[in-house]
Amino acid sequence: MTGTDLSFSVGAEAATALDAADPLATFRHEFHLPEGPDGSPQIYLAGNSLGAVPRAAAGYVNAELERWARLGAAGHFAGEEAWVPYHELLTGSLGRLVGGRPSEVVAMNSLTVNLHLLMVSFYDPTPARHKVLIEAGAFPSDHFAVESQIRQRGHEPAGSLVLARPRAGEEALRRDDLLALIATHGAELALVLLPGVQYYTGQVLPMTEITAAAHGVGARVGFDLAHAVGNVPLALHDWDVDFAIWCSYKYLNGGPGGVGGAFVHERYAGDRSLPKLLGWWGHRAETRFEMGTVFDPAPTVESWQLSNPPILAMAPLRASLDVFDRAGGMVPLRAKSEQQIQYLDFLLAEVIGDRIETITPTMPAERGCQHSLRVREPGLDGRAVHQALQQAGVACDWRSPDVIRVAPVPLYNTFADIRRFVDILDSALHDAAR
Ligand SMILES: *Cc1c(COP(=O)(O)O)cnc(C)c1O
């Protein structure tokens with residue numbers, strides 16, 4: 001399968017043929033998909049919001065409930081799934097997904113909490129270098145976290161927050177504009193914090209170049225990978241990224257409120273000069289239970305851990321990461337995803353035409369699986385179209401002010417799902433226009 005195979009046609013038999021040729025097709029059966037109004041599976045295109053539940057997840061959760069019942073407190077130390085080092089069972093798979101070494105990756109807390117913890121370390125402003133660059137359209141939680149960090153550190157967002165904006169009339173951030181902004185604020189810039197994949201437009205940002213540019217002016221770089229992890233290939237270590245954070249309930253299928261993740265480049269592992277909030281789980285594991293009060297940090301990213309971790313939230317994520325590993329990781333998944341992206345583009349162009357605008361960038365390197373659609377038909381309300389889609393069994397979401405987000409996920413969405421979605425969208429646009 002290559003990204004240049006463009007032998008698509010509009011008919012349903014093309015979707016059938018694409019599914020028959022898909023080497024990853026069987027993985028769909030490893031997930032439960034919600035049912036639509038007629039009892040058949042929904043066309044579930046909302047994996048960018050909440051990934052589908054792996055069928056094996058219940059077994060993983062039940063195993064821990066059963067160990068709890070059988071072992072009680074001894075479960076912390078007994079057996080291969082002992083709870084004290086349980087988070088380590090996630091590290092290898094997460095590291096493969098983000099391109100981090102085992103010493104650089106940890107599952108802990110939730111996304112916004114991890115952002116705060118890592119900003120404490122990596123946003124260490126001085127009177128001369130105090131600015132943080134984010135995007136004007138940042139996810140609100142990221143914006144709030146950054147504003148409050150700036151205030152906590154004695155600065156004001158008015159003077160310390162730099163907002164990157166798309167040009168007038170454009171949706172995506174231009175690479176050259178971002179690099180120019182980094183250069184402009186140069187010596188005053190302490191931190192660049194940008195998404196790997198933008199939640200609203202689906203744009204993939206040029207993480208390698210952003211990292212190099214930020215380091216070039218002496219700033220640090222963090223990426224929010226909420227919409228990137230499990231969606232596009234990542235190589236955080238090789239890209240020399242300072243830190244990254246993510247959640248697991250979107251493309252990682254870790255379940256609602258699932259445990260977040262963090263990456264810190266290994267060059268900081270033993271760096272005791274970084275400011276850091278401490279808790280007992282960040283203490284070196286071998287001596288943690290001696291209960292001393294002199295902090296001896298774990299020699300890895302695990303020194304940022306605070307509390308003993310939520311085992312019942314980590315168990316379903318193990319089920320999903322096992323599926324990612326057996327599917328061969330992001331290279332084959334991305335190959336299928338690129339084909340699905342092109343197929344959806346093709347059908348939108350052929351069947352829907354200019355009644356819909358896709359605000360997601362068109363270049364393959366600049367997008368993940370999410371398509372952000374804007375209804376363009378004059379007099380048609382995008383919200384009504386979104387509701388009609390939902391009623392017809394398409395799970396997708398609405399993001400204010402005016403975008404319908406649909407995300408074909410290569411682990412469980414078929415080409416037939418994409419074909420049916422476009423048919424239903426076509427009808428929804430017809431009905432709404434009447
Ligand atoms: C989903 C998402 C969040 C959610 O944050 P939580 O702390 O997990 O609630 C934050 N930022 C971005 C960019 C997101 O896409």
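Atoms within each ligand, like the ligands themselves, are counted from 1 in listed order. Numbers here are sequence positions counted from 1.
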Are side-chain N/O atoms of E209 and T211 paired as donor and acceptor at under 3.5 Å? no
Is any NZ, NE, NH1 or NH2 atom of the basic residue among R165 and E135 found under 4.0 Å from an Asp or Glu carboxylate oxygen of the other? no
Within the 6.0 Å centroid threshold, strictly below: F122 and Y268: yes
Identify, by atom number and element, the atoms of ligand 1 in contact range of Y249, meaning under 4.0 Å from any of its heavy atoms. 1 (C), 4 (C), 5 (O), 6 (P), 8 (O), 9 (O)
Ligand-side contact atoms (ligand 1) for residue partner A226, heavy atom cut-off under 4.0 Å: 2 (C), 12 (C), 14 (C), 15 (O)
For ligand 1, which atoms have a heavy atom of D224 less than 4.0 angstrom away? 11 (N), 12 (C), 13 (C)
Under 4.0 Å to a heavy atom of D142 - the qualifying atoms of ligand 1, by number: 10 (C), 11 (N), 12 (C), 13 (C)
Salt bridge (Lys or Arg N to Asp or Glu O under 4.0 Å) between D402 and R374: does it pass, once the steps are laid out? CA-CA 6 Å; D402 63 356; R374 185 177 280 159; 3.0 Å; yes
Tell me which protein heavy atom sits closest to atom 12 (C) of ligand 1, plus the residue, atom name and distance to 0.1 Å. F139 CG, 3.3 Å
Which label fits Y343 and F346: parallel for a plane angle under 30°, tilted from 30 to 60°, or perpendicular past 60°? parallel
Using a 4.0 Å cut-off to any heavy atom of H227, which atoms of ligand 1 qualify? 15 (O)
Is there a nitrogen or oxygen of T112 sitting under 3.5 Å from a nitrogen or oxygen of ligand 1? yes
Got a sec, which residues hit salt bridge (charged side-chain N to carboxylate O under 4.0 Å, His left out) with D142, two or more places apart in sequence or on another chain? none
For K250, atoms of ligand 1 separated by under 4.0 Å from a heavy atom: 1 (C), 2 (C), 3 (C), 14 (C), 15 (O)
